[in-house]
Amino acid sequence: MKIEVQELEPAKKKKIPTDDSKLGFGKHFSDHMFCMDYEKGKGWHSPRIEAYRTLQLDPACMALHYGQEVFEGLKAYRGEKDGIYLFRHRDNLARLNRSCERMVIPQLDLDLVSDALKKLVLQDKEWIPKSPGCSLYIRPNVIAVDPFLGVRPSDSYLFYIICGPVGAYYAEGFNPISIYVADKFVRAVQGGVGEAKTGGNYAASLYAQREAQEKGFSQVLWLDAKEHKFVEEVGTMNIFFRFNDELLTSPLTGSILPGITRDSVIKLLAKWGVKLSERRFSIDQVIAAQKDGSLREVFGAGTAAIIAPVGSFQYKGTNYQVGDGRTGELSQKLYDFLLDLQYGREQDDFGWVERIGAF
Ligand code: COI
């Protein structure tokens, strides 16, 4: 299928933000978007790049009522020698199709989507910020658009990709964040949709997230839904705990998002000879380790957040400091290395980085 490309007239183009220090996350959107439609019997059709616009949706559209939708999050970087780089984007797209499968959404042709994504990024390349740590965030999304109120999978869908310049996800930047361990509410259950990137998982997190924020915490740390005991993930990232010289992260139990950054951290640590296990561990173990001094560092890993060091956490009303409360050595090393890789400055032994063009 050929991707039709429409270019917005120069006079209609938006003003690109000039102060990267004020970008924040998810507030600005570039001039174009990619769209493609699906109809039962016809399949995916009409791939096109067009001007960024509001969507016209029937108020009975199924995504709005029953949440049949999936999305992805990835980034394009303006890096070495003014090149434009993508990081493991095929892994994000493969995960998108797995999320589609779980939410009964038709599979996408990933070669076509990859091509569309690159074309869109190159068309809006002026929107990729220059400053270190900033990037163009890319958000593919699939929504069910049948105007129908019965509960069944939709017969028609809209796939679109939007993008926009972003800086740090957290107000703290790369400084340690504090997290709130949810002891009453849960994010996802085994057998549910926790491992799919679908909006409902994020909607389900909002109540506890609000509670956490009211108490002054940036994020919620979720425990397993059955025993409220085992550490699972943080709202927008996977999480790693360092006990002395061993790192632990939860295995992919089905209720956890299989993060691309999570996987990159695991592979990098293995290459560096750092001991890491994907094993279930409880919040009680974490607290015991904090008390006996063996809890050395904690960090989150995700596309939006990259690596987010955790300086403290609260569980059942008690605050606990992690190590000396500052960014741990591995968190810093991973952050620096991942950024160097993503910006094309570090040798890529994994085949993760693709230079798709230049300025
Ligand atoms: C990402 O890390 O890209 C995510 O999708 C998290 C997002 C919900 C902010």
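When a ligand or atom number is given, it counts from 1 through the structure's own listing order.
- Residue pairs meeting the side-chain hydrogen bond (donor to acceptor under 3.5 Å, both in side chains) criterion with at least one member in residues 301-311, sequence neighbours excluded, do not occur.
- The cationic atom of Arg152 (NZ for Lys, CZ for Arg) lies less than 6.0 Å from the six-membered ring centre of Phe148 and within 45° of the ring axis.
- In this structure, the ring of Phe29 has its center less than 6.0 angstrom from the ring center of Tyr52.
- Taking the side chain to side chain contact (heavy atoms under 4.5 Å, CB included) definition, one finds that Asp82 meets it with Arg78, Phe359, sequence neighbours left out.
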N/O pairs closer than 3.5 Å, ligand 1 and protein:
from     : atom 1 : to     : atom 2 : distance (Å)
ligand 1 : 2 (O)  : Thr303 : N      : 3.3
ligand 1 : 2 (O)  : Ala304 : N      : 2.8
ligand 1 : 3 (O)  : Tyr137 : OH     : 2.6
ligand 1 : 5 (O)  : Tyr137 : OH     : 3.4
ligand 1 : 5 (O)  : Lys197 : NZ     : 2.7

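- Cluster note: Leu252 groups with Ile256 through ILVMFWY side-chain heavy atoms spaced under 4.5 Å, whether in direct contact or through intervening members.
- Ion pairing between a basic and an acidic side chain is recognised when a charged N comes within 4.0 Å of a carboxylate O; Asp324 and Arg326 show such pairing.
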